[in-house]
Number of protein chains: 2
Amino acid sequence: MGMMQRREHILEELEHAQELDALQIAIEELRDHFGVDHMVYHWVSANGDQYGCGTYSDAWRDRYIEQDYIRTDPVIVGCFQRFHPVDWKRLDWSGKAARAFQREAITHGVGNQGFSIPIRGPNGQFALFTVSHHCDDDTWATFTDANRRDLILIAHEFNQKALEFEPGRAPEQARALSPREVDAMTLIAIGYSRAQVAETLSISEHTLRVYIESARFKLGALNTTHAVAKALSRGLIVI
Amino acid sequence: MGMMQRREHILEELEHAQELDALQIAIEELRDHFGVDHMVYHWVSANGDQYGCGTYSDAWRDRYIEQDYIRTDPVIVGCFQRFHPVDWKRLDWSGKAARAFQREAITHGVGNQGFSIPIRGPNGQFALFTVSHHCDDDTWATFTDANRRDLILIAHEFNQKALEFEPGRAPEQARALSPREVDAMTLIAIGYSRAQVAETLSISEHTLRVYIESARFKLGALNTTHAVAKALSRGLIVI
DNA sequence: TTTTCTCTCCCCCGAAATGGTGAGGGATGG
DNA sequence: CCATCCCTCACCATTTCGGGGGAGAGAAAA
């Protein structure tokens, strides 16, 4: 089986997978296929849930979770601010904690080289697809140049499949807001006071309050700020 | 020049482009290359700035902006809620306004078929890469199946290049929030009152207020609700 | 070392937002 | 045609928020 055929085969199996385990199997096969030390996919959902699969050692994964490294890992922090896939060398490794983290990761078998692809979805979903390897800079540069596009596509296939399996996907489908409610919530969200919003919309402040309360009710929100947050994270309003 | 060579050539030219105009040129070439009626790239940043390029008629573009269709266009609304690329047929076209919009779009030369790829970046950036064509369902399904992956990659290349040229990129790079500020803003965003947040975090309400005000200052927000909205739309907090 | 940031605490008071309830005309959809 | 939603307006008392001060300890970065 040729290189491309092998890859297509793995991705096709993934596409038709019915169970979450298939992701773990596929990522191990892809790791072997690309001939790198590690390949990891990992996401954080809107409600703080996490899911990950990959080839890091159990010890490292446990340690990572135990130490809540997700909050300080320079790869996570750096990718969260970027759109593009990024080579680990280009991240900010200054700082005591970052260097200590790096040392610890390498002792746990993580490669000295890495390439991570950030992926974003609605409601603040953020996922990271990472390949890591132990080699010199030139070898790594050659590898990433050659496989960049494939890795991007694979990252997306993975994310798509992972989202399919996500349990808490579309449970709470909020009722859509009326046009006036959208106007009101949008202006509130950009910092206007109720008086300013009412003036902007040319309605009385009393009327405005009806919209806000109506929106709050529809969104199941506890107060105005909560309603704005919910409306934003569901894409009902945009600022 | 073969099909793939032609595409590679267009993308390579795009990659080395130094001016924003190159995007417009590239998208027209790609449209011709794929043999579709229209191809459009279009993004919205957190601060409301927009940029777009594509092959829609000037009349339609002007009309779209004039009517602020970006707020009601079912393609935008639908894609904002999704991660995956989506065929227009799968969007919600019920509702009077949506159907009227669709009719008007078609009279302006937009195809009856469409395929849109949502792309997201840090700080709430949201972009859409769309191909549209006039043909029957089967023809369109064949086309999208065959070109789905290529279109995803092209969408990313486009977005990458567009971000390079974006003028207002780094200016309003909000300072990151401190851990306690993130805690405070997150709890506020899920509807807690100041008193509840203070109790949850086991700090005095006075201290809590310092965090909120500090976050508000860092985010350049006018009030708490505004600060929550900004933090959310920049991905600094997640609910 | 010095500076800069973070985290924690405290005061006061006026302005603003909230929650509950009610009501009438108009548009839309089944 | 009738139910359902949308838009508009109004009053009440209570809770919450906003803005203005100031201060000390500790950690980390430059």
Side-chain angles (χ1 to χ4, degrees), chain A residues 71-72 74 77 92-101 174-229 236, chain B residues 71-72 92-101 174-229 236:
Chain A
R71 300 211 175 271
T72 49
V77 174
D92 176 21
W93 293 97
S94 70
K96 206 173 181 176
R99 282 189 300 271
F101 171 83
R175 288 161 65 196
L177 301 179
S178 78
R180 281 313 235 187
E181 286 160 359
V182 171
D183 293 341
M185 298 308 284
T186 302
L187 291 171
I188 294 279
I190 60 173
Y192 284 29
S193 71
R194 294 205 305 208
Q196 288 175 303
V197 175
E199 198 193 351
T200 305
L201 296 179
S202 304
I203 56 176
S204 79
E205 199 177 326
H206 307 287
T207 303
L208 172 70
R209 286 181 47 200
V210 176
Y211 296 148
I212 297 173
E213 282 179 38
S214 161
R216 201 172 57 224
F217 180 73
K218 286 181 181 175
L219 295 167
L222 298 168
N223 54 45
T224 303
T225 301
H226 191 200
V228 167
L236 301 176
Chain B
R71 299 209 175 270
T72 51
D92 176 22
W93 294 98
S94 70
K96 205 172 180 176
R99 282 190 300 271
F101 171 82
R175 289 160 62 198
L177 301 179
S178 78
R180 281 312 238 186
E181 287 160 359
V182 171
D183 293 341
M185 298 308 284
T186 302
L187 291 172
I188 294 280
I190 60 173
Y192 285 28
S193 71
R194 293 203 305 207
Q196 287 175 304
V197 175
E199 199 194 350
T200 305
L201 296 179
S202 305
I203 55 176
S204 79
E205 197 176 329
H206 309 286
T207 304
L208 173 68
R209 286 182 50 199
V210 178
Y211 295 147
I212 297 172
E213 282 179 36
S214 159
R216 204 171 53 223
F217 180 74
K218 286 180 180 176
L219 295 167
L222 299 167
N223 52 43
T224 303
T225 301
H226 191 199
V228 167
L236 301 176

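Residue numbers begin at 1 in each chain, while the letters A, B, ... track the order of the sequences. All values below were derived from every heavy atom in this structure, side-chain atoms included, with hydrogens, water molecules and symmetry-related copies excluded.
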**Prompt:** Between D:dA10 atom C1' and A:Glu213 atom CD, what is the distance in whole Å?
**Reply:** 13 Å
**Prompt:** For B:Thr224 and D:dC17, is the shortest distance between a side-chain N/O and OP1 or OP2 below 4.0 Å?
**Reply:** no
**Prompt:** Could you give the CZ-to-P distance, from B:Arg209 to D:dG21, as a whole number of Å?
**Reply:** 13 Å
**Item:** Nearest heavy-atom neighbours spanning A:Asn223 and B:Tyr192
**Value:** ND2-O, 4.2 Å
**Request:** Write down the distance between NE2 (B:His206) and C1' (D:dG19), rounded to a whole number of angstrom.
**Result:** 15 Å
**Request:** Please state how far atom OH in B:Tyr211 lies from atom P in C:dT6, giving the value in whole angstrom units.
**Result:** 10 Å
**Asked** Should we say atom CD of B:Glu213 is surrounded by more than 12 heavy atoms from elsewhere, each under 6.0 Å from it?
**Response** yes
**Message:** How long is the straight-line distance from OG of B:Ser193 back to CG of A:Leu222, given to the nearest 0.5 Å?
**Reply:** 9.5 Å
**Fill in**
Between CZ of A:Phe217 and C1' of C:dT21 the distance, given in whole Å, is 14 Å
**Request:** Take the protein atom CD1 of B:Ile203 and the nucleotide atom P of D:dA25, then report the distance between them rounded to whole Å.
**Result:** 20 Å
**Message:** Any base atoms under 4.0 Å from B:Ser178, or only sugar-phosphate, or nothing? Heavy atoms, all strands.
**Reply:** sugar-phosphate
**Request:** Taking only the side-chain nitrogens and oxygens of A:Ser193, find out if one of them lies under 4.0 Å from OP1 or OP2 of C:dA16.
**Result:** no
**Request:** Respond yes when some side-chain nitrogen or oxygen of B:Lys218 is under 4.0 Å from OP1 or OP2 of C:dT6, and no when none is.
**Result:** yes
**Prompt:** Is A:Ser214 touching bases, backbone alone, or none of the nucleic acid, heavy atoms closer than 4.0 Å?
**Reply:** nothing
**Asked** Start at the 5' end of DNA chain C and walk down; is the nucleotide closest to A:Tyr192 or to B:Glu181 reached first?
**Response** B:Glu181
**Heavy-atom closest pair, residues A:Leu177 and A:Met185** = CD1-CG, 4.2 Å
**Prompt:** Between atom NE2 in B:His226 and atom P in C:dA17, what is the gap in whole Å?
**Reply:** 15 Å
**Request:** Compare side-chain N and O positions of A:Thr207 against OP1 and OP2 of D:dC9 and report whether any pair is under 4.0 Å apart.
**Result:** yes
**Message:** For a quick test of reading the model, state the closest non-hydrogen atom pair linking A:Leu219 to A:Ala227 and the distance between them.
**Reply:** CD1-O, 3.3 Å
**Toward the 5' end of DNA chain C, by each residue's nearest nucleotide, B:Leu201 or A:Glu205** = B:Leu201
**Asked** Taking atom types as they are modelled, is there a donor-acceptor pair under 3.5 Å from the base of D:dG18 to the side chain of B:Arg216?
**Response** no
**Request:** For A:Arg180 and D:dC7, give me the distance from atom CZ to atom C1', rounded to whole Å.
**Result:** 8 Å
